[in-house]
Amino acid sequence: MERFIDYINGALPDKRGDKLRYQFKKQLLDEMNARAVEVTGRGGIASRKVVEDLIISEHPDLPAEYAAYHQKKTAQIKTRRGIIGNILGSVVYILLLVTVFLMVSFSTHAWSMTWIIVVDGILLWVVYLLLLGVKKFTSMKRIFHIFARIALFGAVVNVTVAAFLFLVALTDWPHTWLLVIVGLILAFVGDGLYATLTKAKLTIFYWLLYIPVIATFLFIIVGVLHLLAWNVAWLIIPLSLVLDVAVIVAALARNRAEKMEVTDIWNES
């Protein structure tokens with residue numbers, strides 16, 4: 001045990017205030033002692049010095065081990081603080097939201113409008129949480145990116161629903177429901193862009209699916225707002241299919257160009 005202590009202290013001298021270094025050294029010493037007991041218990045090695053040399057040889061670079069340990073623990077501490085901060089911040093935010101709602105409502109007596117303070121406030125809080133989810137899942141392995149995309153889709157929809165309810169509460173515009181459709185368009189576009197930027201598999205197929213869906217939503221918006229006559233606006237849908245064909249042709253041309261480039265490089269070598 002004394003040799004283990006000398007080896008650890010020699011490779012990692014104490015630093016005042018460095019609690020992680022102390023924790024690492026204590027954990028490492030416990031592991032080395034447990035390993036020594038394990039090796040001795042198996043039999044075959046009678047010399048304690050040989051056992052100690054064997055255990056020490058399993059840890060040839062303690063500074064590197066500590067660096068990895070420090071990075072991992074620091075990330076865990078940061079994550080834990082972030083979670084606690086978000087929980088406390090959320091509680092304070094909701095209390096403040098309710099306080100503002102009551103103050104404005106009692107002072108104006110416009111209860112038919114002030115309800116939007118709480119509703120939109122909660123929706124925007126949900127958007128914040130969803131965006132945290134997008135960030136977290138994006139930082140993880142690619143298999144988890146689907147959850148980031150779902151969270152992003154939900155965040156965009158929640159923003160537009162908040163805008164829709166805001167207009168419902170404060171205006172009499174008859175076409176406020178169109179904002180929900182706009183939100184769906186933005187959600188599909190956002191998902192397509194996320195898939196493109198993260199180079200997700202089957203990205204082109206997502207776009208081929210989304211383009212006609214977006215075109216259908218645009219057809220509804222254009223028709224309802226009388227930007228074009230219905231008998232003209234419907235052309236948006238077949239044009240979206242033409243755009244799909246253009247996307248397919250462009251993708252095939254790009255793949256062909258990449259194959260030719262690889263072939264040229266191979267021939268040159």
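Note: hydrogens, waters and symmetry copies are ignored here, and every other heavy atom, side chains too, is used.
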Where [X] and [Y] come nearest, the two heavy atoms and their spacing:
X: Val222; Y: Ala233; answer: CG1-CB, 4.1 Å
X: Leu152; Y: Val134; answer: N-CG2, 3.4 Å
X: Gly183; Y: Val156; answer: O-CG1, 3.7 Å
X: Trp125; Y: Ser90; answer: NE1-OG, 2.9 Å
X: Ala195; Y: Tyr206; answer: CB-CD1, 4.3 Å
X: Val127; Y: Ala155; answer: CG2-O, 3.6 Å

[atom1]/[X] to [atom2]/[Y] distance, rounded to the nearest 0.5 angstrom?
X: Lys19; Y: Lys73; atom1: NZ; atom2: NZ; value: 14.5 Å
X: Trp207; Y: Leu243; atom1: CH2; atom2: CG; value: 10.0 Å
X: Ile122; Y: Ile117; atom1: CD1; atom2: CD1; value: 12.5 Å
X: Leu20; Y: His70; atom1: CG; atom2: NE2; value: 5.0 Å
X: Leu131; Y: Lys136; atom1: CG; atom2: NZ; value: 16.0 Å
X: Leu184; Y: Ile214; atom1: CG; atom2: CD1; value: 10.0 Å

- Message: I'd like to know if the side chain of Thr138 pairs up with that of Tyr194 as donor and acceptor (distance under 3.5 Å, no hydrogens or angles considered).
- Response: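 The criterion, which ignores hydrogens and geometry beyond distance, is satisfied for Tyr194 and Thr138.
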
Co-membership, hydrophobic cluster, residues [X] and [Y], 4.5 Å side-chain:
X: Leu227; Y: Phe217; result: yes
X: Leu241; Y: Ile236; result: no
X: Phe137; Y: Leu132; result: no
X: Val118; Y: Phe106; result: yes
X: Ile94; Y: Ile83; result: no

Would you check if [X] and [Y] make a side-chain contact, meaning some heavy-atom pair closer than 4.5 Å?
X: Pro63; Y: Asp61; answer: yes
X: Thr171; Y: Phe166; answer: no
X: His145; Y: Met140; answer: no
X: Val224; Y: Trp177; answer: yes
X: Ile8; Y: Met32; answer: yes
X: Leu179; Y: Val161; answer: no
X: Val51; Y: Arg35; answer: no
X: Leu165; Y: Leu123; answer: yes

- Is there a side-chain contact (heavy atoms from CB on, under 4.5 Å) between Tyr93 and Tyr128 once you walk through the steps? CA-CA 12 Å; Tyr93 172 77; Tyr128 171 72; over 6 Å; no

- Message: Working note: Leu28 + Leu62, criterion side-chain contact (heavy atoms from CB on, under 4.5 Å); need CA distance, chi angles, decisive distance, verdict.
- Response: CA-CA 10 Å; Leu28 179 62; Leu62 291 188; 3.5 Å; yes

- Query: For residues 175-201, which residue pairs qualify under salt bridge (Lys or Arg N to Asp or Glu O under 4.0 Å), counting only residues two or more places apart or in two chains?
  - Reply: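 As it turns out, the salt bridge (Lys or Arg N to Asp or Glu O under 4.0 Å) pairs with a partner in residues 175-201, which skip direct neighbours, are Arg149-Asp191.
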
- Heavy-atom neighbours of Gln71 CD exceed 12 at 6.0 Å: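 Open: at most 12 neighbouring heavy atoms sit under 6.0 Å from CD of Gln71.
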
- Query: Near Ile143 CD1, under 6.0 Å, is it more than 12 heavy atoms from other residues, nucleotides or ligands?
  - Reply: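 Counting other residues, nucleotides and ligands, CD1 of Ile143 stays at 12 neighbours or fewer.
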
- Message: Using the ring centroid of each side chain, check whether Phe153 and Phe188 are separated by less than 6.0 Å.
- Response: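 They qualify: ring centres under 6.0 Å apart.
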
- Do the two ring centres, one from Phe164 and one from Trp173, sit under 6.0 Å apart?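 They do not qualify: ring centres at least 6.0 Å apart.
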
- Task: Kindly say whether Ile237 contributes a backbone atom to a donor-acceptor pair with the side chain of Ser240 at under 3.5 angstrom?
- Result: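 A pair under 3.5 Å: yes.
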
- Query: With distance as the sole test, does Tyr66 use its side chain to make a donor-acceptor pair with the main-chain N or O of Leu12 at under 3.5 Å?
  - Reply: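 Pair absent, no side-chain N/O of Tyr66 close to backbone of Leu12.
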
- Apply salt bridge (charged side-chain N to carboxylate O under 4.0 Å, His left out) to Lys26 and list each qualifying residue two or more places apart in sequence or on a separate chain.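 Once residues adjacent in sequence are excluded, the partners of Lys26 under the salt bridge (charged side-chain N to carboxylate O under 4.0 Å, His left out) criterion are Asp30.
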
- Query: Should Phe101 and Trp115 be marked as a ring-ring contact (aromatic ring centres under 6.0 Å, His included) after you check the CA-CA gap, both sets of side-chain angles, and the distance that decides it?
  - Reply: CA-CA 7 Å; Phe101 162 68; Trp115 59 268; 9.6 Å; no

- Would you check, one step at a time, whether the test side-chain contact (heavy atoms from CB on, under 4.5 Å) holds for Ile221 with His175? CA-CA 9 Å; Ile221 294 172; His175 301 308; over 6 Å; no

- Test side-chain contact (heavy atoms from CB on, under 4.5 Å) applied to Val189 and Tyr210, step by step: CA-CA 8 Å; Val189 171; Tyr210 293 166; over 6 Å; no

- Message: Using side-chain hydrogen bond (donor to acceptor under 3.5 Å, both in side chains), reason through Gln23 and Gln27 one step at a time and then give a plain yes or no.
- Response: CA-CA 6 Å; Gln23 292 173 4; Gln27 177 180 312; over 6 Å; no

- Which class fits the ring pair Phe147 and Phe144: parallel under 30°, tilted 30 to 60°, perpendicular over 60°?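 Answer is tilted, since the angle falls between 30° and 60°.
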
